[in-house]
Amino acid sequence: MTRRHPTLHQLEIMTVLARHRNMTQAAKELHMSTAALSVQVKQLAAIVGAPLHEQVGKQLFLTGAGRQVELAAQDILDRLEALYEALEEDRGLERGTLKVSVVTTAKYFVPRLLGRFCKQHPGIDVSLEVDNRHGLLERLAQNLDDLYVMGSAPEDLQVVAVPFMENRLVVVAPVTHPLVGRAGLPPAALNGEPFVMREPGSGTRLAAERFFASHKVHVTVRMTLGSTEAIKQAVAGELGLAVLSAHAIGPELACGDLAVLDVVGFPLVRWWYALHPAGKRPSPIARAFLAYLEAEGAASASPVDRRPRRTG
């Protein structure tokens, strides 16, 4: 004999009835009449072969069989919901949009990472915004993007920040500078040197200023520029030295426009962070890209606590 099974609708009815312990309230939540709900419960009891509830005065109580059915119903519905979420995640990796905003220095390597990632997921569309740190923090505060890449996490915003790749800051100079080629320069060798700096609030500038202060080095800020490209041109034009990310100067080193000074204490090892608002659940494609960034950065990384951290 073929065994009859409850319908999903009947299982849902049982979980709602178990929660309310009241036919009228359960029917209201399910947008059914009380009579229609009662019929479904009776049919479910017939399938199970045992009463599912009993009425004591105005109070409804589940029987032992009713409690077993309610637990099984909740388990089945939870498993179905997990299945639907998993299927949706799989579909999300094949289509949709990934919106990423990065600080200006990160534009030298994030597009390459995005390109390789998109080869693995050719059905997605990518939006990439490049801005200075102030602009990125404004976008973050307005929750305009899926992920944000910057050199340090803001302390005044609630975010989850994941370190994924080393960001090595070096002192760069024009190739004609007298300090070029000298090994093991003490920090004091930079005393009085003119520097071209990023705008106040830049993570690179903050790191450089902390280093100079800790070593009692006094430099002259000859020029402040909001563009890494402009700073490189200024240094090549002999307007001063600069502290820049090693990610940003590969072509200039290769063609001999710039040189890296061997200053004790450099490179300053910072980290690139991928972050999102603390209360936001990233989309499946954003989570996949975040995992991809961590995997790409892991091979070249120094030992570090790479756990995501919250700020704010």
Side-chain angles (χ1 to χ4, degrees), residues 85 88-89 92-93 96-114 117-118 121 124-169 198-211 226-228 243-248 268-298 300-312:
E85 288 183 1
E88 184 60 32
E89 290 204 2
L93 294 178
T97 300
L98 175 65
K99 299 179 68 176
V100 181
S101 281
V102 304
V103 290
T104 51
T105 304
K107 72 180 182 181
Y108 295 101
F109 66 92
V110 170
R112 292 195 297 272
L113 295 174
L114 275 170
F117 180 74
C118 288
H121 306 284
I124 67 169
D125 296 321
V126 175
S127 170
L128 177 64
E129 292 287 336
V130 179
D131 207 337
N132 61 26
R133 181 177 174 86
H134 177 73
L136 219 65
L137 292 179
E138 287 189 345
R139 294 186 67 87
L140 174 61
Q142 298 176 53
N143 190 26
L144 295 180
D145 309 282
D146 295 307
L147 293 172
Y148 303 82
V149 176
M150 60 182 69
S152 61
E155 296 297 333
D156 56 343
L157 293 175
Q158 293 185 346
V159 301
V160 174
V162 179
F164 68 91
M165 182 180 291
E166 285 185 347
N167 179 19
R168 293 175 172 266
L169 304 182
R198 286 296 301 266
E199 71 281 359
S202 157
T204 300
R205 177 165 181 163
L206 290 172
E209 289 176 339
R210 284 195 294 266
F211 177 86
S227 161
T228 299
V243 176
L244 292 174
S245 170
H247 282 115
L268 303 179
V269 179
R270 301 172 71 237
W271 285 85
W272 289 111
Y273 289 86
L275 49 90
H276 60 80
K280 179 176 183 175
R281 176 174 169 79
S283 66
I285 196 67
R287 295 200 298 274
F289 184 58
L290 182 56
Y292 176 81
L293 290 178
E294 291 186 274
E296 286 290 304
S300 60
S302 301
V304 69
D305 181 359
R306 296 170 61 85
R307 291 172 297 178
R309 65 184 183 91
R310 290 175 177 256
T311 66

Practice item. Quick one: do M150 and L137 satisfy side chain to side chain contact (heavy atoms under 4.5 Å, CB included)? Show the steps, please. Key: CA-CA 10 Å; M150 60 182 69; L137 292 179; 4.0 Å; yes
Do [X] and [Y] have side-chain heavy atoms sitting under 4.5 Å apart?
X	Y	result
T104	S227	no
L293	M165	no
T228	T204	no
V159	P277	no
P282	L290	no

Only counting residues at least two apart or in another chain, list the ones meeting side-chain contact (heavy atoms from CB on, under 4.5 Å) with [X].
X	answer
N132	H134, R198, E199
D125	T97
R139	S101, E129, L144, D145, Y148

Practice item. Could you tell me which residues satisfy side chain to side chain donor-acceptor pair (under 3.5 Å) with R133, sequence neighbours excluded, listed by chain and number? Key: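 Side chain to side chain donor-acceptor pair (under 3.5 Å) list for R133, sorted by chain: S152.
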Exercise for review: Measure the acute angle between the ring planes of F117 and H121, then classify it against the limits of 30° and 60° as parallel, tilted or perpendicular.
Suggested key: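 Tilted.
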Study note, to complete from the structure: Of Y273, W272, W271, the one forming a side chain to side chain contact (heavy atoms under 4.5 Å, CB included) with F164 is W272
Review point. Considering residues at least two apart in sequence or located in another chain, which fulfil the salt bridge (Lys or Arg N to Asp or Glu O under 4.0 Å) criterion with R205?
Key: E209
**Study point:** Results of ring pair (Phe, Tyr, Trp, His ring centres under 6.0 Å) for Y108 - residues two or more places apart only
**Key:**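 Expected list: none.
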Practice item. Evaluate side chain to side chain contact (heavy atoms under 4.5 Å, CB included) for L114 paired with L98, printing each intermediate quantity in order. Key: CA-CA 10 Å; L114 275 170; L98 175 65; 4.0 Å; yes
Check your understanding: Is D146 reaching over with its side chain to a backbone N or O of K99, donor-acceptor style, under 3.5 angstrom?
Key -> yes
Practice item. Would you give the length of the straight line joining atom CG of L169 to atom CZ of R270, rounded to the nearest 0.5 angstrom? Key: 5.5 Å
